[in-house]
Amino acid sequence: MKRLSYTIRSTPVQINIVETVDDLSRFYLFVRDNRQLLGWDTETTGLDWWSDDFRVRLVQFGTADESWVLPVELDSHFTDAAVWALGFASQLVAHNGTFDMHAMEAACGLPMEAVAPKSLDTKLLAHLVDPRALKEGGSGLRLEELTAYYLCTRTAAEVKGSASQIARRLKVSRAEMWKAVDLTDDEYLLYAGCDPVLAYRLCARLLPQVPPRSRRAGLISWEHRLAHITAKIERTGYLLDVDYALEQIAALASEQRGWQAIAAEHGVENVASTRQVAQALIERGIKIPGRTKTGLPKVDDALLASYPDDPLCQAVIRAKRAGKWRTTWFENAVLNRDSNDRVHASINSCQARTARMTITGAVAAQTFPASSSFVRHEFLADEGDVSVSIDYGNMELRVLAAYSQDPVMLDAFRDGKDLHQITADAAGVPRKVGKMANFLTVFGGGPKALAQQAGISLELARATLAAFNETYRGVGRLADRLTREAKRSGYIYTATGRRLPVDKHRAYSALNYFIQSSSRDITARALIELDKAGFTPHVRLPIHDELVFSFPRERAGELAEQAARIMEITIRGVLIPAEPEIGDRSWGSILDLADSKH
DNA sequence: GCACGTGGCACC
DNA sequence: AAACGGTGCCACGTGC
């Protein structure tokens with residue numbers, strides 16, 4: 001057995017590295033003595049737990065002052081010991097433990113169902129305490145950031161720096177390092193041994209700081225339950241139509257080359273270089289009025305599109321678009337698929353400042369073009385299944401109606417009246433402008449933004465928003481209440497007991513945070529209720545106000561109807577309706593079938 | 001050579 | 001009176 005020593009904020013930590021099977025007896029004793037709560041972590045060959053060549057290299061367990069490192073890659077007895085410890089512990093804590101559960105399941109055969117119900121995650125706890133990123137004035141949510149904020153800045157810097165340092169020493173990139181580093185490398189073992197100790201200590205610091213209101217509302221277990229559900233959705237993955245994706249990649253690549261060639265004829269080698277494009281435009285006598293925040297000429301789609309007859313402007317727009325669509329939505333999926341042609345999204349169940357979920361990695365589902373179905377066509381329901389989408393109608397405005405109890409809004413939603421038209425009529429503007437005013441209110445926007453967006457005068461924008469306030473008095477009262485609360489305490493609370501920090505110099509954003517976060521919690525609740533009813537194996541993705549499913553073809557209508565009824569909820573008398581749309585095999589077919597009906 | 005900030009753009 | 005909220009990814013270009 002090897003021993004390493006480290007000190008975190010003047011508290012010594014002993015790191016024990018198991019080297020032989022005989023060393024395990026001491027490890028068993030350690031686990032038995034500390035089974036009531038154990039920190040844990042894994043080191044792996046990479047982040048792609050779905051790949052065939054993915055391996056877990058180390059599994060680490062720790063308390064506040066002691067940790068054990070098992071090099072499971074070297075001996076199956078070590079793997080067995082790690083699996084035993086995870087089963088034997090009464091409670092576990094990890095930072096972003098979802099990843100470690102995927103890793104242990106994929107590489108060591110331990111089902112995440114065996115670990116998730118007794119797990120605490122310091123990332124979730126940290127979010128309940130303060131959801132803000134570092135640059136927003138918060139603690140951040142990454143382990144190094146939280147270590148620096150709550151425990152010890154020196155440790156944070158050393159732990160963060162060590163991965164880069166090892167990579168430099170081995171002369172490989174950081175990503176390669178995780179595979180390449182030797183399992184006896186002391187710097188690596190020290191880094192690995194610290195992580196479960198940090199998770200353990202962070203847990204002790206964070207738990208008492210979770211706001212009492214959040215705790216009373218049951219948010220801690222609620223968020224952990226949700227994280228487990230989204231982990232199961234990640235595990236299932238989404239079946240990729242590889243042939244279709246490859247066709248699109250080829251078509252977009254050829255389109256991109258064509259437009260790039262035209263741009264090159266006009267002196268632009270890199271269409272994505274705004275500097276090059278700006279220079280070429282100026283040489284062509286085109287004035288660039290806008291400036292970016294660093295004072296450079298602003299070359300964006302709006303400028304380029306305003307010269308529809310200029311061949312360079314058109315070539316730049318089209319070449320950029322083809323390139324971006326090819327890499328982001330098709331190559332990303334194709335290159336990250338598993339051996340069964342499934343792609344696994346990375347779902348951060350509680351991520352944004354408002355706790356909105358984010359989806360990153362191979363399936364950037366939250367940004368798929370809404371205007372056309374051709375990206376969604378690459379995702380298929382399972383063999384024998386069809387794609388179903390169930391989305392909430394007008395979610396954010398209904399949430400606003402519910403919590404403001406504004407009589408005009410309540411009345412409009414109850415009787416199916418057109419809310420955008422009501423706003424428009426009150427202000428004497430077209431419906432489109434009324435709709436913009438409605439949404440801008442949810443976003444916290446003012447007259448300048450409305451004027452710009454709607455292309456109307458500042459005067460008219462002011463009058464429109466004034467008419468909005470006259471019409472929906474309740475909205476103003478809710479906004480005032482939240483703004484006052486934010487200015488007084490720096491926080492607002494949602495109905496689910498979540499505490500959201502609001503910058504005092506931007507107190508107007510309190511209403512938006514409230515609506516956005518409340519809406520997110522409605523979708524989160526739906527996932528939890530659907531899970532109870534056994535629907536999770538059918539869920540493919542959550543996208544803000546929409547859930548995508550794969551249902552057996554012959555029962556799709558019935559199951560979709562059941563799921564929609566589970567999703568629907570009435571809040572303070574306002575129904576948030578959920579409407580199923582049934583497609584054919586591909587996700588994209590849903591939109592096509594809906595279009596063909598009209 | 002890699003990390004990081006910036007600008008642009010896809011979405012709710 | 002005025003205030004546009006929340007994301008992630010890609011390419012480029014710079015700085016270490």
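A note on names: the letters A, B, ... follow the listed sequences, proteins ahead of strands, and every chain is numbered from 1.
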Please state whether the phosphate of C:dT14, meaning OP1 or OP2, lies under 4.0 angstrom from any side-chain nitrogen or oxygen of A:R275.
-> yes

Whole angstrom value for the distance that separates C1' of B:dA10 from CG of A:N332 | 13 Å

Taking only Lys NZ, Arg NE, NH1 and NH2, and the carboxylate oxygens of Asp or Glu, determine whether A:E187 and A:R168 approach each other closer than 4.0 Å.
-> no

Please report, rounded to the nearest Å, how far the C1' atom of B:dG7 is from the CG atom of A:L303.
-> 14 Å

Listed in order of residue number, which residues of residues 354-369 of chain A have a non-hydrogen atom at under 4.0 Å from DNA chain B?
-> A:R356, A:Q366, A:T367, A:F368, A:P369

Look at the side-chain N and O atoms of A:R506 and state whether any lies under 4.0 Å from the OP1 or OP2 oxygen of C:dG5.
-> yes

Quick one: is B:dA10 close enough that its OP1 or OP2 comes under 4.0 Å of any side-chain N or O from A:W329?
-> no

Could you tell me whether the phosphate oxygens of C:dG5, OP1 or OP2, come under 4.0 Å of any side-chain nitrogen or oxygen in A:Y508?
-> yes

Does A:R321 put a side-chain nitrogen or oxygen below 4.0 Å from OP1 or OP2 of B:dC9?
-> no

Between A:K324 and C:dC9, does any side-chain N or O lie under 4.0 Å from OP1 or OP2?
-> no

In whole angstrom, give the distance that lies between atom CE of A:M436 and atom P of C:dG5.
-> 17 Å

C:dG13 OP1/OP2 closer than 4.0 Å to side-chain N/O of A:S273 = yes

Do A:R376's NZ or CZ and the ring of A:F368 fall within the cation-pi criteria of under 6.0 Å and 45°?
-> no

Rounded to the nearest angstrom, tell me the gap between atom CG in A:D503 and atom P in C:dC4.
-> 14 Å

May I ask you to evaluate whether A:K320 reaches the phosphate of B:dG8, defined as a side-chain N or O under 4.0 Å from OP1 or OP2?
-> no

Would you say a side-chain N or O of A:T294 is under 4.0 Å from OP1 or OP2 of B:dG7?
-> yes

Nucleotide B:dC12, atom P - distance to CG of A:L440 in whole Å = 17 Å

Determine the Euclidean distance between corresponding C1' atoms of C:dC4 and B:dC11; express it in Å to zero decimal places.
-> 16 Å

